[in-house]
Q: 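Questions regarding the structure given below will be posed in turn.
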Amino acid sequence: MDNPVQPEHRVQIEYCTQCRWLPRAAWLAQELLTTFETELTELSLKPGTGGVFVVRVDDEVIWDRRGQGFPEPTAVKKLVRDRVAPGKSLGHSDK
């Protein structure tokens, strides 16, 4: 019996190299990859400039530091979950 085809979901975290935000972006990437290891097919870090820190799921901006400040991982996990695995429990992060 064939396995059902899983949709492909990509996350991109664009971060400012001038601001030295790579460690923050990498930490968030690790959190997302750990939580959504079977739901994501790709997670990329995109160097940028000018104070950028933007998280995209399938090319849709879900978090932009300019309007929302720096995200807490729990907030980003909920936004990613709502797009890639709506039925998934995030355990203590859902509370």
Side-chain angles (χ1 to χ4, degrees):
M1 192 167 162
D2 291 341
N3 289 333
V5 175
Q6 294 286 346
E8 293 189 5
H9 293 290
R10 298 179 333 273
V11 171
Q12 179 188 76
I13 302 171
E14 184 177 4
Y15 65 95
C16 180
T17 57
Q18 297 166 314
C19 302
R20 305 269 186 239
W21 287 339
L22 172 59
R24 186 184 297 255
W27 176 65
L28 183 58
Q30 178 182 324
E31 288 288 313
L32 293 173
L33 286 170
T34 300
T35 302
F36 301 104
E37 59 188 9
T38 60
E39 291 86 1
L40 299 179
T41 54
E42 179 181 331
L43 191 146
S44 65
L45 298 175
K46 180 180 178 182
T49 57
V52 67
F53 198 92
V54 174
V55 180
R56 295 177 181 88
V57 175
D58 300 329
D59 298 321
E60 175 191 354
V61 173
I62 62 163
W63 197 279
D64 189 336
R65 182 200 65 80
R66 288 190 179 108
Q68 298 165 281
F70 277 109
E72 288 295 322
T74 300
V76 175
K77 285 180 185 182
K78 287 178 182 177
L79 292 168
V80 171
R81 186 262 320 267
D82 292 348
R83 284 157 181 81
V84 306
K88 183 179 182 85
S89 169
L90 295 178
H92 68 277
S93 294
D94 269 334
K95 295 185 178 35

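The structure displayed is predicted, hence computed values, not measured ones.
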Q: Can you name the residues that form a ring-ring contact (aromatic ring centres under 6.0 Å, His included) with F53, not counting sequence neighbours?
A: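 Testing F53 for ring-ring contact (aromatic ring centres under 6.0 Å, His included), a comparison that skips the adjacent residues, returns F70.
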Q: Membership question, hydrophobic clusters at under 4.5 Å side-chain separation (ILVMFWY): are W21 and V61 in the same one?
A: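 In one cluster: no.
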Q: Test L32 against every option in L28, T34, T35 by the side chain to side chain contact (heavy atoms under 4.5 Å, CB included) rule and name the one that passes.
A: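 When L28, T34, T35 are each tested with L32, the side chain to side chain contact (heavy atoms under 4.5 Å, CB included) holds only for L28.
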Q: State, to 0.1 Å, how close G51 and C16 come at their nearest heavy-atom pair, and which atoms those are.
A: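 Of all heavy-atom pairs spanning G51 and C16, the closest is N-SG, 3.2 Å.
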Q: Treat each ILVMFWY residue as a node, draw an edge where side-chain heavy atoms are under 4.5 Å apart, and state whether L79 and I13 are in one component.
A: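 Both belong to a single hydrophobic cluster.
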Q: Among the clusters formed by ILVMFWY side chains lying less than 4.5 Å apart, do V52 and L43 turn up in the same one?
A: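 Different clusters: V52 never reaches L43 through Ile, Leu, Val, Met, Phe, Trp or Tyr contacts under 4.5 Å.
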Q: I'd like to know if the side chain of Q18 and the backbone of G50 have a donor-acceptor N/O pair within less than 3.5 Å.
A: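 Pair found, side chain donor or acceptor close to backbone of G50.
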Q: Determine which pairs satisfy salt bridge (Lys or Arg N to Asp or Glu O under 4.0 Å) with at least one residue from residues 24-40, sequence neighbours left out, and list them in order.
A: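 Salt bridge (Lys or Arg N to Asp or Glu O under 4.0 Å) check on residues 24-40 returns E31-K77, E39-K88.
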Q: Mind jotting down which residue pairs meet the ring-ring contact (aromatic ring centres under 6.0 Å, His included) criterion with at least one end in residues 25-51? Sequence neighbours excluded, please.
A: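 Output for this query is empty, none listed.
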Q: Filter on side-chain hydrogen bond (donor to acceptor under 3.5 Å, both in side chains), then keep only pairs touching residues 60-70, sequence neighbours left out; what's left?
A: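 Residue pairs passing side-chain hydrogen bond (donor to acceptor under 3.5 Å, both in side chains), neighbours aside: E60-R83.
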Q: Residues two or more places apart in sequence or in another chain: which of them pass salt bridge (Lys or Arg N to Asp or Glu O under 4.0 Å) with E42?
A: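 Salt bridge (Lys or Arg N to Asp or Glu O under 4.0 Å) list for E42, sorted by chain: empty.
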Q: Which residue pairs satisfy the side-chain hydrogen bond (donor to acceptor under 3.5 Å, both in side chains) criterion with at least one member in residues 44-57, sequence neighbours excluded?
A: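 Counting only pairs at least two positions apart or across chains, the side-chain hydrogen bond (donor to acceptor under 3.5 Å, both in side chains) contacts touching residues 44-57 are Q12-R56, E14-R56.
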Q: Which atom names give the shortest non-hydrogen contact between A29 and L45, and what distance separates them?
A: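 Looking at all heavy atoms of both residues, the closest pair is CB-CD2, 4.0 Å.
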Q: Treat each ILVMFWY residue as a node, draw an edge where side-chain heavy atoms are under 4.5 Å apart, and state whether L40 and V76 are in one component.
A: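 Yes, same cluster.
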